Amino acid sequence: MRSLVATTVLAATAAAGSGAERPIDAARLERLVRHDCGSCHGMTLKGGLGTPLTPDALSHTDAGLLTGIILDGIPGTPMPPWRPLLSAAEARWIANYLLEGGTE
Amino acid sequence: MSPAAPGRGGAAPVARCATPPEYFEKDEGPGTGRLHLSRNTPAGGVRQLLLMVALVICAALAGGARAQATGGLGLVVERADGALVVVDHTRREAIGRIEGLGDLSHASLVYSPDERFAYVFGRDGGLTKVDILARAVVGRVMQAGNSIGGAISDDGRYVAVSNYEPGGVRVFDADTLEMVADIPTGSKTVGLVDIPGTRFVFSLWDRGETWIADLSAETPEITRIAGMGANPYDALVTANGRTYIAGLFGADHLSALDLWQDDPRPRPILPGYADGREGLPVYKMPHLEGWALAGREFALPAMGQHEVLWVDARTLKETGRTPTHGQPVFAMARPDGRHVWVNFAHPKNDTIQVIDTLTKRVVHEFKPGPGVLHMEFTPRGHEVWLSVRDADKVMVYDTETFEKLGEIDARSPSGIFFTARAHRTGL
């Protein structure tokens, strides 16, 4: 349900990026968050080498900032830029998903 | 007391419990060359006592254990389910499952010297002891908030766990899982390995140091080695326990220590290997494991470059580079060293490349399926098992012909660990 809401919101926010024309595939992105973000942040997103990505841990940030970090990474840290693999809309979907605690 | 306790060192009697315990009954006397448990006992009464002990063990394990030696077995981590699949690599099949291990989303394990118990290090800080024969959890402690791996001492007495949260290393009694030492480091710890002399070696992500913890005496003795380089992310030790190599995230080289020296000093290897080249995004950190030695050279995954780096094991000088399909995660030498198998980070993690050690060229490339996370060779290397996460399969290949020999169902499989690791330093 949450995914549906997020998808609807995002449909209105057109964005440039590597997969701009690709429709949001919530199941694929959810899997990516759990398994691929999870390889550093933990599959349950409670942290690992990377920081925790639970809503509590992200309470100081917002979707815009988080989307930027996902797309461009944090230089000097292991957080890589995902722009080569994700569209801005997909990054935004992931940001919202994390802030809403989608994996809980 | 756990049901496993009577079996310490007792894999052979247990394995025999469903068949006639012939070596308790026949006495062919000394010099027959026959493996003979009662060889050093005065015979008679003691043999009877041993038989009784064996029967007690069989009774204790009734319903769980089967007649089974453990030398051909292994465990496969089901990362999403907190479970382990017990496998028999000699028959290429799953023979059981153990559940209830908590968060295994990043998990590794080590084996007791008798290959009966495994100590599993979970992401959630859980240290779980499982009995492979009984297919059961026989001990579990939540020892930290978030852990990354562990090791078992050469004598099998201690299990050490390396923690991200709260950092540091904790050491446990392998029998009881009681904590025997707490080593705070003020840093996330990585690259924890065992070396001879009841010692453990590990590195500090936040401080660029490597510490040696000596547990041979009553109180652990710590040796701190500074100047390893920025952000060590993992490390390996050679099978002889001499060379410790730490990979660095924050520097353009790796660092090596000669642990045979009284005062080991870090030595940069492959300095500036990415000089003048753009660092490529790393979507999964490489892993370093004690399978790096291929012939006389180490094969090491580069960081931020799509290549495997070759280093002479004696001089630590670069001997070559092999361009690869993506960011290498594991570069694992087949046990004979003739080939090196490489898997890759997301989004290229559907592919395996095999590199010839002599020519350093890729001689085989194939796509087992989506999400190839780990590889494990059979002890002599004739077959390799691959965990293919998103296919929910473990696949078995012939390492000479590259022919697929079989597959085993496992849900989101990650690490594969065969019991032969019990007898290797650094694994």
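Here is the naming used below: chain letters follow the sequence lines, and residue numbers restart at 1 for every chain. Quantities reported herein were computed from a predicted structural model and do not represent experimental measurements.
There is no contact between B:Ala230 and chain A, counting heavy-atom distances below 4.5 Å.
Note on A:Gly48, A:Cys37, A:Gly42: by heavy-atom pairs under 4.5 Å with chain B, the leading option is A:Gly48.
When all heavy atoms are compared, the tightest approach of B:Met285 to A:Pro78 is CE-CB, 3.5 Å.
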Output the donor-acceptor atom pairs between chain A and chain B under 3.5 Å, with atom names and distances to 0.1 Å.
from	atom 1	to	atom 2	distance (Å)
A:Arg31	NE	B:Asp390	OD1	3.3
A:Arg31	NH2	B:Asp390	OD1	2.4
A:His35	ND1	B:Arg79	NH1	2.4
A:Asp36	OD2	B:His346	ND1	3.2
A:Met43	N	B:Ser105	OG	3.4
A:Thr44	OG1	B:Asp103	OD2	3.4
A:Gly47	O	B:Asn146	ND2	2.6
A:Gly48	O	B:Lys188	NZ	3.4
A:Leu49	O	B:Lys188	NZ	3.0
A:Pro81	O	B:Tyr283	OH	2.5

